[in-house]
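Structure first, commentary second.
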Protein chains: 2
Amino acid sequence: MPTQIRKTRQKDAIRAAFEEANRPLSTDEALVLAQKHVEGISVATVYRNISTLLEDGWLIAVEMPGGVTRYELSGKEHHHHFQCTQCAKVYELTGCAVQVKPKLPRGFRATGHEFYVYGLCADCSI
Amino acid sequence: MPTQIRKTRQKDAIRAAFEEANRPLSTDEALVLAQKHVEGISVATVYRNISTLLEDGWLIAVEMPGGVTRYELSGKEHHHHFQCTQCAKVYELTGCAVQVKPKLPRGFRATGHEFYVYGLCADCSI
DNA sequence: ATCGTTGCAAACTCTTTGCAGGATT
DNA sequence: AATCCTGCAAAGAGTTTGCAACGAT
């Protein structure tokens with residue numbers, strides 16, 4: 001008998017937060033957004049549910065340099081991320097072409113790369 | 001009278017650690033290397049001195065996605081960083097050409113970008 | 001003898017975990 | 001009713017800070 005999973009208001013609120021946001025969310029941001037659906041939802045619950053959603057493959061982690069980890073809906077095609085230097089929000093960048101010619105030291109082997117753009121988002125550009 | 005600065009064994013040990021390493025160091029790595037010069041040097045001292053060296057402009061912070069901040073000697077020309085997925089050490093990449101054509105959403109303005117390469121360092125490639 | 005610096009320990013922040021009560025099936 | 005899930009509070013990990021003692025000038 002596989003362990004059963006129950007539907008709760010908190011779980012729904014957290015999933016809704018990510019679906020409504022349209023951008024990667026930190027645990028704090030997810031907490032604030034989820035609290036609009038379920039008042040009094042706790043941080044621990046947000047952390048636990050994000051862990052579960054990561055294991056389920058519903059979310060993936062977005063590691064930002066010098067910042068807390070964000071999470072976004074999985075299943076999107078390859079893309080990079082933009083962080084606003086003013087409000088610190090992170091956005092997805094689609095169709096951002098990057099050409100790399102890494103010159104590695106002798107003996108080094110590259111297996112992947114990450115790329116981040118910084119600047120001002122639309123709200124902060126005003 | 002400007003605030004005087006004193007020369008201490010701890011301070012020298014921490015600077016030596018960065019000069020000998022030839023790669024960006026985390027506070028932990030700096031602590032371990034500094035302890036080879038001054039036994040019993042404390043974490044607090046490492047943190048405090050790194051802060052001072054940052055203010056002095058002798059060090060600059062290297063923020064790695066999903067990892068602790070590293071610090072490297074300042075004054076080098078523009079370069080990116082390589083992180084070994086095996087030993088987690090960070091190395092500088094010189095002469096790594098990156099061509100970017102970011103397609104930003106309407107109203108967004110880019111001011112900079114960061115680039116990271118992952119793979120196996122020489123020691124871990126064996 | 002000053003007073004900058006250090007080491008220790010406490011404080012803080014972010015995240016994880018134990019546990020008892022509450023909610024879903 | 002069974003047991004998954006939540007909230008609270010305590011516990012960890014990494015970093016910062018207060019304070020008395022140390023030590024460079």
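Just so we're on the same page: letters track the sequence lines, and every chain starts at 1. No experiment lies behind these values; they were computed from the predicted model shown.
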Exercise. Taking protein heavy atoms under 4.0 Å as touching, what does nucleotides 19-25 of chain D look like 5' to 3' if B marks base contact, S marks sugar-phosphate-only contact and - marks none?
Worked result: B---BBS
Exercise. So, the side chain of Ser125(A) versus the backbone of Gly107(B): is there a donor-acceptor pair under 3.5 Å, distance only?
Worked result: yes
For this session: Would you mind reporting whether Lys103(A) and Leu93(B) have side-chain heavy atoms less than 4.5 Å apart?
Result: no
Exercise. What's the verdict on ring pair (Phe, Tyr, Trp, His ring centres under 6.0 Å) for Tyr118(B) and Phe82(B), showing C-alpha distance, side-chain angles and the deciding distance?
Worked result: CA-CA 6 Å; Tyr118(B) 297 92; Phe82(B) 175 99; 7.9 Å; no
Problem set entry | Separation of atom NZ in Lys11(A) from atom C1' in dC4(D), rounded to whole Å | 8 Å
Problem set entry | Where at least one partner belongs to residues 25-52 of chain A, residue pairs that pass salt bridge (charged side-chain N to carboxylate O under 4.0 Å, His left out), sequence neighbours excluded | Arg23(A)-Glu29(A)
Problem set entry | Lys101(A) side-chain N/O to Gln99(B) backbone N/O, donor-acceptor pair under 3.5 Å | no
For this session: Send over the distance from Gln10(B) CD to dC8(C) C1', rounded to a whole Å.
Result: 14 Å
Problem set entry | Ile60(A) side, atom CD1; Tyr71(A) side, atom OH - distance, nearest 0.5 Å | 11.5 Å
Exercise. Between atom CG in Leu25(B) and atom C1' in dG14(D), what is the gap in whole Å?
Worked result: 17 Å
For this session: Please list all pairs passing the salt bridge (charged side-chain N to carboxylate O under 4.0 Å, His left out) test where one or both residues lie in residues 70-85 of chain B, with sequence neighbours left out.
Result: Lys76(B)-Glu92(B)
Exercise. Can Thr45(B) and Gln10(B) be counted as having a side-chain donor-acceptor contact under 3.5 angstrom?
Worked result: no
Seminar exercise, completed: Contact check, residues 57-66 of chain A vs DNA chain D, heavy-atom distance under 4.0 Å, returns none
For this session: Taking the six-membered ring for Trp and the single ring otherwise, decide whether the centroids of His80(B) and Phe115(B) are under 6.0 Å apart.
Result: yes
For this session: Could you check which residues of residues 27-47 of chain B get a heavy atom under 4.0 Å from DNA chain D? Sort them by number, please.
Result: Thr27(B), Ala44(B), Tyr47(B)
Problem set entry | Partner set under ring-ring contact (aromatic ring centres under 6.0 Å, His included) for His37(A), not counting sequence neighbours | none
Exercise. How close or far is atom P of dG4(C) from atom CD of Glu55(B), stated in whole angstroms?
Worked result: 15 Å
Problem set entry | Check: Ser74(B) side chain, Trp58(B) main-chain N or O, donor-acceptor pair, under 3.5 Å | yes
Exercise. Over how many whole Å does the gap from Asp12(B) atom CG to dG4(C) atom P extend?
Worked result: 19 Å
